[in-house]
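Here is the structure we will look at.
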Number of protein chains: 2
Amino acid sequence: MPSITTKYNKIYQDLKSKIEDKTYEAQELLPSEAILTSYYDCSRNTVRRAIANLALEGYVQSLHGKGVRVIYQPHAQSAYAFGNVESFHEASIRNGKIAKTEVPLFVELVVDQHIAKRTSFPVGIEIYYIQRIRCMEQKALIIDHNYFRKDVVPGLTKEIAKGSIYNFIENKLHVHIVTTKRVMTVEHVNQLDRKYLELGDYNCVAVVSNYTYNADGIMFEYTQSRHRPDYFAFYDQARRNSPEE
Amino acid sequence: MPSITTKYNKIYQDLKSKIEDKTYEAQELLPSEAILTSYYDCSRNTVRRAIANLALEGYVQSLHGKGVRVIYQPHAQSAYAFGNVESFHEASIRNGKIAKTEVPLFVELVVDQHIAKRTSFPVGIEIYYIQRIRCMEQKALIIDHNYFRKDVVPGLTKEIAKGSIYNFIENKLHVHIVTTKRVMTVEHVNQLDRKYLELGDYNCVAVVSNYTYNADGIMFEYTQSRHRPDYFAFYDQARRNSPEE
DNA sequence: TGGTATTTGTCCGTATGTATC
DNA sequence: GGATACATACGGACAAATACC
C-alpha cells in the first residue's frame with residue numbers, strides 16, 4: 001500500500017497531471033530521466049519508479065535508447081478505474097454521480113457444497129450472504145452478490161451494507177485489504193437480474209467475480225457483480241513481453 | 001521489454017515455478033528478502049524486483065514488517081494470460097490446443113468518418129480491414145475485426161492473416177509492439193456473429209477492443225474481438241491503494 | 001509495557017550494459 | 001565512434017510495521 005506522501009508518488013502525480021493537462025502532449029517524449037532527476041531533486045531510481053507506474057496505467061511507454069513516450073488519450077469514462085480495487089461507493093464519488101444502494105437480502109449462512117463450489121470457501125464456515133442493488137442516477141446498474149467470511153468480518157449489518165462495506169472493514173475492523181483477483185465473464189440473465197435491472201432485450205449480463213484476500217492471505221470475500229451490459233466497460237492496460245526464444 | 005536472460009527474470013521464473021509446484025505453498029511466507037538475496041547471490045533490489053512482478057500477477061502479496069505471502073491458487077484455465085498482450089496463436093500453443101484461422105474478408109480501405117469513430121484512426125489514411133474467424137478444436141470461438149494502418153504495417157496479405165500477424169510484424173517488419181489498451185464490453189450479436197459463431201440462445205457477445213501502439217507512439221492497430229460468451233473469461237489482478245481521505 | 005531483532009518500504013549513489021541517433 | 005538515454009545491478013542507509021521476548 002503505497003503512501004500518497006512518498007517521493008516517487010508525488011512525482012508520479014505531478015507527471016500524471018502534466019500529461020492530463022497537456023503540458024506533455026501525446027506522442028511527445030518526456031524530459032530525459034537525467035533532467036527529471038535534477039528537476040525533482042531526487043535519485044534516478046525514484047524518477048524511474050514514477051515512470052514505471054505511469055507505464056502500468058498506459059500513460060507512457062519507455063523506449064530503450066530513445067526516451068519515454070506519452071501515449072495518454074482522454075478516454076470515455078468508465079465506472080471503474082484501471083487495475084485498482086475500487087468500491088462502487090468510491091467510484092461514484094470519483095464520477096460525481098449520485099449513488100444509492102438497496103439491500104433486498106441480508107442473511108447468515110453456513111457454507112454447503114453448492115456455495116463452496118461457487119465461492120471457494122471451505123464447507124462448514126459461517127458467512128454473510130448479501131444481495132445489493134446498485135443504482136446511479138435512478139438507474140439500477142449492478143446486482144452484487146456478496147459473500148463474507150463471518151470470522152474475518154464480524155458485526156456486519158444491513159445498515160452497513162447500504163453504505164460502503166469496505167469502509168467498515170478498513171476503518172472499524174482495521175483489516176487492510178490488499179489483493180483482489182477478478183474474473184470477467186458473460187452469463188445468461190437469471191430471474192433476479194430480470195427483476196431488478198432494466199435489461200431491455202439483452203438476455204446476458206456482464207459478470208465480474210471478485211476474490212479478495214486480507215493480510216493473512218485468507219480469502220475472506222467472494223463477490224459476484226452482475227452488470228447491465230449497456231452500462232458496463234472494463235479497462236485494461238497491457239504490455240507485451242518479447243516472445244520466448 | 002524485459003529480456004528473459006536478466007537476473008531478476010531468472011529469479012522471478014524460479015520463484016514462480018516453486019510456487020506452482022508447491023515448494024512454497026499457499027498461505028505460507030516466502031523466505032525473507034535477505035535469505036533470498038544470499039540464496040540467489042544478488043542484491044536485495046534484484047530480489048525485490050522479482051517479487052514485485054510476482055505480486056503483479058497475483059502469486060504473492062507483500063506485507064510490511066511480516067513477509068511475502070503466497071496467495072497462488074491454480075485457476076480454471078483461461079484462453080488468455082494475465083495482463084499480457086498475447087496473440088491467439090500464442091495462446092493456443094500455450095494451451096496445447098489446435099487452432100485454425102479463417103479469413104473471409106481481406107480488403108484495403110480509406111478511413112471515412114464512420115470508421116474513424118470506431119477506430120480512432122484519422123480520416124483519409126489507408127488501412128487494411130480483415131475479418132478473421134478463430135477456431136479451436138473445430139469450434140469457432142472468436143471473430144476478429146482487424147484494422148491496421150497500411151503505412152506502419154505494409155505488405156500484409158491474406159496468407160499472412162491466416163497465421164500470426166504479430167509474428168509478421170515483429171519478425172519481418174521489426175516493429176516492436178509495446179503497449180496495448182483494452183476495453184471489455186458486452187454487445188448485441190450482429191449478423192456476422194450469428195453466421196459464424198455457434199451462439200445457441202445467447203443474444204450477446206463479449207467484446208474486447210484493442211488499441212495497439214508502436215515505439216513511435218502511433219496507434220497502428222485497432223482490433224475488435226467478438227467472443228462466444230460461453231468460452232470467454234478475462235482474468236485480472238488488482239491491488240488496492242490506501243484510500244485518500 | 002517496553003526494547004530489540006526481523007522484515008519490508010523508501011531513497012540514494014554508482015557502475016556497467018545496450019539501444020538509438 | 002561518440003553522445004544520449006533507458007535498463008540492469010550492486011550496495012548502503014534509514015524508516016516503518018511487525019514479531020518476540
Side-chain angles (χ1 to χ4, degrees), chain A residues 1-13 15 24 28-56 60-71 170 174-176 178-179 214-217 239-242, chain B residues 1-13 15 24 28-56 60-71 170 174-176 178-179 214-217 239-242:
Chain A
M1 51 202 143
S3 161
I4 54 176
T5 58
T6 58
K7 209 161 179 176
Y8 72 84
N9 225 318
K10 284 178 190 165
I11 297 170
Y12 161 82
Q13 292 293 347
L15 289 173
Y24 304 126
E28 278 181 14
L29 298 178
L30 289 184
S32 74
E33 292 175 356
I35 292 171
L36 291 175
T37 293
S38 76
Y39 175 76
Y40 289 111
D41 190 27
C42 67
S43 75
R44 195 175 147 225
N45 282 335
T46 304
V47 162
R48 281 178 61 73
R49 190 155 179 188
I51 291 172
N53 287 335
L54 287 171
L56 278 179
V60 301
Q61 63 183 11
S62 292
L63 304 166
H64 197 160
K66 279 180 114 166
V68 178
R69 180 94 58 189
V70 177
I71 56 169
E170 292 198 333
H174 303 291
V175 173
H176 295 291
V178 188
T179 305
N214 72 359
D216 295 323
R239 239 189 106 77
R240 184 172 175 80
N241 293 333
S242 31
Chain B
M1 51 200 143
S3 161
I4 53 174
T5 58
T6 58
K7 209 160 180 177
Y8 72 84
N9 224 319
K10 284 178 189 166
I11 296 169
Y12 161 82
Q13 293 293 347
L15 289 173
Y24 304 128
E28 277 181 14
L29 297 179
L30 289 185
S32 75
E33 292 175 357
I35 292 172
L36 292 175
T37 293
S38 77
Y39 175 74
Y40 289 112
D41 188 27
C42 66
S43 73
R44 192 177 151 221
N45 280 336
T46 303
V47 162
R48 281 178 60 73
R49 187 153 181 191
I51 290 172
N53 287 336
L54 288 171
L56 279 179
V60 300
Q61 63 183 12
S62 293
L63 302 166
H64 197 165
K66 277 181 118 166
V68 178
R69 178 95 58 191
V70 177
I71 56 170
E170 292 198 335
H174 303 291
V175 173
H176 296 290
V178 189
T179 306
N214 71 0
D216 296 322
R239 244 190 102 78
R240 182 169 178 81
N241 292 332
S242 28

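What's counted below: heavy atoms across the whole structure, side chains too, no hydrogens, waters or symmetry copies. In what follows, chains carry the letters A, B, and so on, assigned in the order in which the sequence lines appear, proteins first and then strands, with residues in each chain numbered from 1.
- In the region residues 29-38 of chain A, proximity to DNA chain D at under 4.0 angstrom, judged on heavy atoms, holds for Ser32(A), Glu33(A).
- Closest heavy-atom contact between Ala215(A) and Leu63(B): O-CD1, 2.7 Å.
- The interatomic distance linking Asn9(A) (CG) with dG9(C) (C1') rounds to 13 Å, in whole Å.
- Closest heavy-atom contact between Ser62(A) and Ile51(A): OG-CG2, 3.8 Å.
- The main-chain N or O of Asp216(B) is never found under 3.5 Å from a side-chain atom of Gln61(A) such that the two would form a donor-acceptor pair.
- In this structure, Tyr24(B) has no side-chain hydrogen bond (donor to acceptor under 3.5 Å, both in side chains) partners at least two apart in sequence or on a different chain.
- Within the 4.0 Å cut-off from OP1 or OP2 of dA9(D), not a single side-chain nitrogen or oxygen of Arg49(B) is found.
- One N or O donor and one acceptor, one from the side chain of Arg44(B) and one from the base of dG9(C), sit under 3.5 Å apart.
- One atom, CD of Gln61(B), and another, C1' of dA17(D), lie 15 Å apart when rounded to the nearest Å.
- For the pair Leu36(B) and Pro31(B), the tightest heavy-atom approach, listed with the atom from each and the gap, is CD1-O, 3.5 Å.
- When the side-chain nitrogen and oxygen atoms of Lys7(B) are compared with OP1 and OP2 of dA7(D), none of them lie within a distance under 4.0 Å.
- Here dC6(D) presents its P atom at 14 Å from CG of Leu54(A), a figure rounded to the nearest Å.
- Taking atom CG of residue Asn53(B) and atom C1' of nucleotide dT8(D), one finds them 13 Å apart after rounding to whole Å.
- The shortest heavy-atom contact between Val60(A) and Val70(A) is CG1-CA, 4.2 Å.
- Summary of the strand contacts: Ser43(A) and Gly65(A) both lie near DNA chain C, and taking for each the nucleotide with the nearest heavy atom, the more 5' one is attributed to Ser43(A).
- Straight-line distance from the CZ atom of Arg48(B) to the C1' atom of dC10(D): 15 Å, rounded to whole Å.
- On a pure distance criterion of 3.5 Å, a polar donor-acceptor pair joins the side chain of His64(B) and the base of dA16(D).
- Checking side-chain atoms of Thr37(A) against main-chain N and O of Glu33(A) turns up a donor-acceptor pair under 3.5 Å.
- Residues Lys66(A) and Cys42(A) both approach DNA chain C. Their nearest nucleotides, taken by heavy-atom distance, put Cys42(A) toward the 5′ side.
- Under 4.0 angstrom from either OP1 or OP2 of dT10(C) there lies at least one side-chain N or O belonging to Tyr8(A).
- Computed from coordinates, the Asn45(B) CG to dT14(C) C1' distance equals 13 Å when rounded to whole Å.
- One can place CG of Leu63(A) at 8 Å from P of dA7(D), the figure rounded to the nearest angstrom.
- Separating the CZ atom of Arg69(A) from the P atom of dC6(D) is a distance of 12 Å, rounded to the nearest angstrom.
- When the side-chain nitrogen and oxygen atoms of Thr46(B) are compared with OP1 and OP2 of dC10(D), one or more of them lie within a distance under 4.0 Å.
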